[in-house]
Amino acid sequence: MPRRRGNAQQPQHRAHLPASICQLLRIPLPSPPIVDESAAISYSPGLMSAPAPVRVRFAPSPTGYLHVGGARTALFNWLYARRTGGTFVLRIEDTDNARNSQAAVDVILSGLRWLGLDWDEGPLTGDADGPVKGAFGPYFQSRRGEIYRRRAEELKAKGMAYEKDGALFFRMTRDPVTIPDQVVGDVVRPLTDREAVDPDWVLIRSDGVPVFHFVNVVDDLEMGITHVIRGEDHLSNTAKHIALFRAFGAEPPKYAHIPLILNLDGSKMSKRDQGASVQSYVDEGYLPEAVINYLSLLGWSSKAATNELFTRDEIAPLFELADINRSNARFDLKKLEHFHFEHARRLSPERFVSIGVEALKKVGIETAGFDPAYVRAALLTAQEKGKLFKELPIWTDFYFVNDDAVVYDAEAKTKALTPASVSALEQLASRFQSLPEYTAAALEAALKGLATELGVKVGVLIAPCRVGCTGRTVGPSLYHLLEVLGRDRVARRLARARTVAAS
RNA sequence: GACCCUAUCGUCCAGCGGUUAGGACACCGCCCUUUCACGGCGGGGACCCGGGUUCGAAUCCCGGUAGGGUCGCCA
């Protein structure tokens, strides 16, 4: 008997309302005092046989940073929406007013934008009262108070909620709740011993602020969310959510709880941990496509694909909830770096150069004063060298300094720029100077020819030449970098190197 | 403490009753290149433990152990 992969069976619990009604309405029938507001809710019997269009959401709380786990949750939701032609909603869970700020929301929006995870509905800016797209707003929970109050009244009217100590309590079911999960299958969640003492829980605090479980369910309900794809840390709580949906007479959405992302040592990843914040990838010079690629493979793998290198648009059509893993994954920076390298080498020259120029600018290397063709050629000699854009300067900085300002690495200098190399430097300079064509091939032939004539190993010539022109013992292919540097620059650098070597 | 989820190389995944247990990253060696890389070839490295079921278990069941999660007038 194969293991259950969840979606094989239907939820067992469509209680309270005849299935046909639930099916037909999709969204629960508003009970008495309920408003209409359903700009986008359509009761179209003619469409009832068609599967409901998928509506998923990412609902982050503005904590000041975008966690990789959150980013992956957003990614999975995005992928599922794209794969099904559904709608990806962004909703800001800022109920806890005290610690929310527009800046904290901006961090989330810019992080998602950097990753390329565009949302179909939601805020356009971090301003809770700012512009939005979509007909199910407001998309900031802090602006949905009226809706929560109305839903609270509904529950009270139904006898499902009662006031005590100034707070509003929900009459939680005492029975075990079955959570049909698309990833782990049916999960039966009985009350824990502590819950059994008093199963009811708070919907609205005595200060009037509604709690997470309540607003989360109300919003999913009001926004017509069909699939809830979220972290496994919410699995147990889903019993509360399902109970609430039922109290509203509504069919809960389908659930898919995805495993968590842990540190390499298996501990929980928190704000300070390496790689926890999406912003750190921006700062380190990672390509967003690399981060997307890596994250997509953490907890998911395609049965259809034969390789691991994808762009998000390539993943989307392959993305099935049934292919999501059940066990937590550990975050391995090394593998992310590998994906970055693979994506970086596939970058178009134009894009590689423009990102490279920015990376250099970040550390104070200005390329604007150089011929664009030179800048381009220079950077492209390093496209398959370093792993991160952060490292680009150590491969290419020498291209952008004056010929008399090349900085010689101390060790390289004592090794390669010695009196013994003076003659080599002079003869090389002379050979290069007389070359009719200043190309990598010609330069290589000239250098190797000279080595043969002199009866020395090419390394004897290469080392002083490289150090003289770049200041380092490692770098891009020597002949190519010489070609890019060009006749004049090389001549000046070799001359200076000769002088330095002689002293 | 109670409840829930999970368990294959160091890491991420494949495997869904019969495989020499496969791939990727990382690691080691060799080749290429007299730079560093890339690339090529090769290597070491895993089914958490114990019981069942079965002719046969990494795969199914039970128990244990371990890791993670939840049990808030946090989200």
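The shown structure was predicted, so the numbers you read here are calculated from the model rather than taken from an experiment. The chains referred to below are lettered A, B, ... by the order of the sequence lines, with proteins before strands, and numbering in each begins at 1.
Remark: A:Lys448 in residues 443-452 of chain A come within less than 4.0 Å of RNA chain B through at least one heavy atom.
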Table of protein N/O atoms under 3.5 Å from nucleotides 40-48 of chain B N/O atoms:
none

Sort me out a list of protein N/O and nucleotides 24-26 of chain B N/O pairs below 3.5 Å, or just none if empty.
unit_1	atom_1	unit_2	atom_2	d
B:A24	O2'	A:Glu308	OE1	2.9
B:A24	N3	A:Lys335	NZ	3.0
B:A26	OP1	A:Lys387	NZ	3.3

Contact string for nucleotides 61-69 of chain B, one letter per nucleotide 5' to 3', B = base within protein heavy-atom range under 4.0 Å, S = sugar-phosphate only, - = neither, reads -------SB
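Remark: B:G1 base-pairs with B:C71; criterion is Watson-Crick or G-U wobble with both hydrogen-bond distances under 3.5 Å. B:C41 is paired with B:G29 under the criterion used here, namely a Watson-Crick or G-U wobble arrangement in which both key atom distances are under 3.5 Å. Under the Watson-Crick and G-U wobble criteria, each requiring two contacts below 3.5 Å, nucleotide B:C47 is left unpaired. Within the shown strands, nothing qualifies as a pairing partner of B:U20 under the Watson-Crick or G-U definition with both distances less than 3.5 Å.
Ion pairing between a basic and an acidic side chain is recognised when a charged N comes within 4.0 Å of a carboxylate O; A:Arg472 and A:Asp397 show such pairing.
Atoms CZ and CE, from A:Phe170 and A:Met160 in turn, are 4.0 Å apart once rounded to the nearest 0.5 Å.
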Donor-acceptor contacts under 3.5 Å from residues 422-429 of chain A side chains, at least two apart:
unit_1	atom_1	unit_2	atom_2	d
A:Ser423	OG	A:Gln427	NE2	2.9
A:Glu426	OE2	A:Arg498	NH1	2.9

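Closest approach to the A:Lys303 side chain among B:G1, B:C71, B:G15 is made by B:G15 (side chain taken as heavy atoms from C-beta onward). In the set B:U35, B:C71, B:A14, the nucleotide with an atom closest to the side chain of A:Asn325 is B:A14.
Residue A:Ser301 places no side-chain N or O under 4.0 Å from the OP1 or OP2 atom of B:C12.
Residue pairs that meet the side-chain hydrogen bond (donor to acceptor under 3.5 Å, both in side chains) test with at least one member in residues 161-171 of chain A, sequence neighbours left out, are A:Lys156-A:Glu163, A:Tyr162-A:Asp200.
As rounded to whole Å, 14 Å separates atom P of B:C16 from atom CG of A:Asp323.
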